[in-house]
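The block underneath contains the structure these notes are about, expressed in structure tokens.
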Amino acid sequence: MGFQSKIKLVLVLSMLFFGIGQSKAQNDGASLPSKTNLPATTELWNGFYLKLRFSDRWWWYQENHYRRRNSLDNRSDFVGRMSQFYNRFGMTYMFTDRFEVTFGPTLVWNYSPDPENPEFVNSVMEPRFWHQWLFTDNVGRVKVLHQFRFEHRFKRDNDIGAEYKFTNRWRYKITAYIPLNKPKMENHTLFLAPSNEFFFESGRHVQNIFEENRVYTAIGYTHNQLMLFGGHMWTYGPTSTPGTYRNRHIIRLNVMYNFDLRGKRKPITRDFQY
């Protein structure tokens, strides 16, 4: 690895793990008496990713997520209540091998924070329109993704009679794919994939533009058209109560399937990314 590649790798890993250091400072909180950190909660997210390639430039992109969260009386059980049923769809256009754009609709069902409370609707639909820019780079053996995602959301609470409010969400994620048993990301690769994502929100109903920071470390394996990956994600962000912050420990288990409709059946390792 050349000197410039080493410098790039140091910068990438610094960005990936910046959130970890930031989280410790925020959780220590001794010098920030006005900030209240709530006890950590737990969740389990299961995701299916589908990419269908039907021309040299165009793809169909799809995500479906089944998400659960801890019980009201047990913050550590991960699966006590339903949280979200999440469906994202889109069309991807590849401008180059290193840059692509995706756009499309999203439908999310948000479930009641208290299923036994009659003041809450059991589930509400949250429609969105989203688009993103995805840049890829190689730093030595490491594949690096820079994802800029923009979401335009119509949100409402689960309270009976609550009204929809329009907000915009701005996201940036950096991910590194680090092959463990191969010189690069290819078929039959065992890999480590740390990522760090920052969320911001805007709109006339928004009080705090910072929404959340997510630090996720996944381990995975590529096999022909399949990629299996999973790991632990830690999140930190403000609640609707000013000065109060929440953090979550989330187990994520995912499957990605790539299929080439042009009749080619070779492993699509270039597109193992999420």
Side-chain angles (χ1 to χ4, degrees), residues 1-21 23 43-53 56 59 61-66 78 92 94 96-100 102 132 134-147 149 172-197 214-235 249-274:
M1 185 185 298
F3 178 74
Q4 290 185 345
S5 294
K6 289 180 179 179
I7 294 297
K8 281 185 177 181
L9 183 57
V10 169
L11 292 174
V12 166
L13 295 177
S14 297
M15 279 293 295
L16 287 167
F17 293 106
F18 169 74
I20 297 176
S23 73
E43 301 188 20
L44 173 66
W45 292 7
N46 300 287
F48 173 71
Y49 297 76
L50 175 67
K51 300 183 77 174
L52 300 177
R53 187 171 191 172
D56 290 344
W59 294 76
Y61 179 85
Q62 178 178 331
E63 297 178 25
N64 303 98
H65 299 265
Y66 177 76
F78 288 91
T92 297
M94 293 174 53
T96 70
D97 286 342
R98 294 179 180 268
F99 175 59
E100 63 186 52
T102 305
Q132 76 172 24
L134 184 66
F135 300 85
T136 63
D137 193 11
N138 292 305
V139 184
R141 347 181 12 244
V142 179
K143 181 178 180 179
V144 180
L145 273 61
H146 300 275
Q147 176 184 286
R149 180 171 289 179
Y172 168 70
K173 179 168 72 171
I174 180 172
T175 305
Y177 285 88
I178 306 170
L180 301 178
N181 66 331
K182 300 276 187 175
K184 64 179 181 178
M185 287 297 296
E186 55 185 328
N187 198 20
H188 304 301
T189 300
L190 180 68
F191 64 89
L192 188 69
S195 66
N196 194 10
E197 186 168 16
R214 296 179 182 177
V215 180
Y216 179 38
T217 302
I219 188 167
Y221 186 76
T222 63
H223 178 73
N224 297 334
Q225 277 72 41
L226 281 174
M227 181 172 80
L228 308 173
F229 59 101
H232 170 266
M233 183 169 73
W234 177 86
T235 77
H249 293 282
I250 301 171
I251 299 300
R252 298 187 61 178
L253 304 174
N254 302 283
V255 176
M256 174 177 279
Y257 183 71
N258 290 278
F259 195 76
D260 196 331
L261 298 177
R262 298 173 301 172
K264 301 177 181 180
R265 294 294 179 266
K266 292 189 291 185
I268 315 174
T269 53
R270 177 244 175 259
D271 301 287
F272 283 140
Q273 55 198 31
Y274 64 95

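Keep in mind that what you see is a predicted model, and the values were worked out from it rather than measured.
Side chain of R149 to main chain of Y172: no donor-acceptor pair is present (N/O by atom type, distance under 3.5 Å, no hydrogens or angles). Remark: side-chain polar atoms of R252 are not paired, donor with acceptor, to backbone N or O of A218 under 3.5 angstrom. Counting only distance, with no hydrogens or angles, the side chain of T189 and the backbone of F191 share no donor-acceptor pair below 3.5 Å.
H65 has its side chain within reach of Y49: a pair of non-hydrogen atoms, C-beta onward, lies under 4.5 Å apart. Counting heavy atoms from C-beta on, the side chains of L226 and V255 come closer than 4.5 Å.
With no hydrogens or angles considered, a side-chain donor-acceptor pair links N187 and N224 at under 3.5 Å. No side-chain N or O of H188 forms a donor-acceptor pair with one of E186 less than 3.5 Å apart.
Residues P183 and R141 come closest through the heavy atom pair O-CB, 3.2 Å. Residues S195 and T175 share a closest heavy-atom pair of CB-OG1, 3.4 Å. The two atoms that bring W59 and N258 nearest to each other are CZ3-OD1, 4.3 Å, heavy atoms only. Residues H232 and Y216 come closest through the heavy atom pair O-CD1, 3.1 Å. Heavy-atom minimum distance, R214 versus N196: O-OD1, 3.2 Å.
From L192, atom CG reaches atom OG1 of T217 across 6.5 Å, with rounding to the nearest 0.5 Å. With values rounded to the nearest 0.5 angstrom, H223 atom NE2 is found 9.0 Å from L228 atom CG. T102 contributes atom OG1, which lies 7.5 Å from atom OH of Y61 (distance to the nearest 0.5 angstrom). The NZ atom of K173 sits 4.5 Å away from atom CD of Q147, with the distance rounded to the nearest 0.5 Å. Here the CD1 atom belonging to I250 is positioned 9.5 Å from the CZ atom belonging to F78, to the nearest 0.5 angstrom. Taking OH of Y177 as the start and OG1 of T222 as the end, the distance is 10.5 Å to the nearest 0.5 Å.
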>> Between D137 and L145, does the side-chain contact (heavy atoms from CB on, under 4.5 Å) criterion hold? Intermediate values first, please.
In response: CA-CA 6 Å; D137 193 11; L145 273 61; over 6 Å; no

> Can you list the steps and then say if V144 with T136 is a side-chain contact (heavy atoms from CB on, under 4.5 Å)?
Replying inline: CA-CA 6 Å; V144 180; T136 63; over 6 Å; no

> Can D260 and K51 be said to form a side-chain contact (heavy atoms from CB on, under 4.5 Å), step by step?
Replying inline: CA-CA 8 Å; D260 196 331; K51 300 183 77 174; over 6 Å; no

> Step by step, would you call M94 with R53 a side-chain contact (heavy atoms from CB on, under 4.5 Å)?
Replying inline: CA-CA 11 Å; M94 293 174 53; R53 187 171 191 172; 4.1 Å; yes

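Comment: D56 engages R262 in a salt bridge, judged by a side-chain N to carboxylate O separation of less than 4.0 angstrom.
With sequence neighbours left out, the side chain to side chain donor-acceptor pair (under 3.5 Å) criterion links Y257 to no other residue.
Taking the six-membered ring for Trp, F99 and H146 have ring centres at least 6.0 Å apart.
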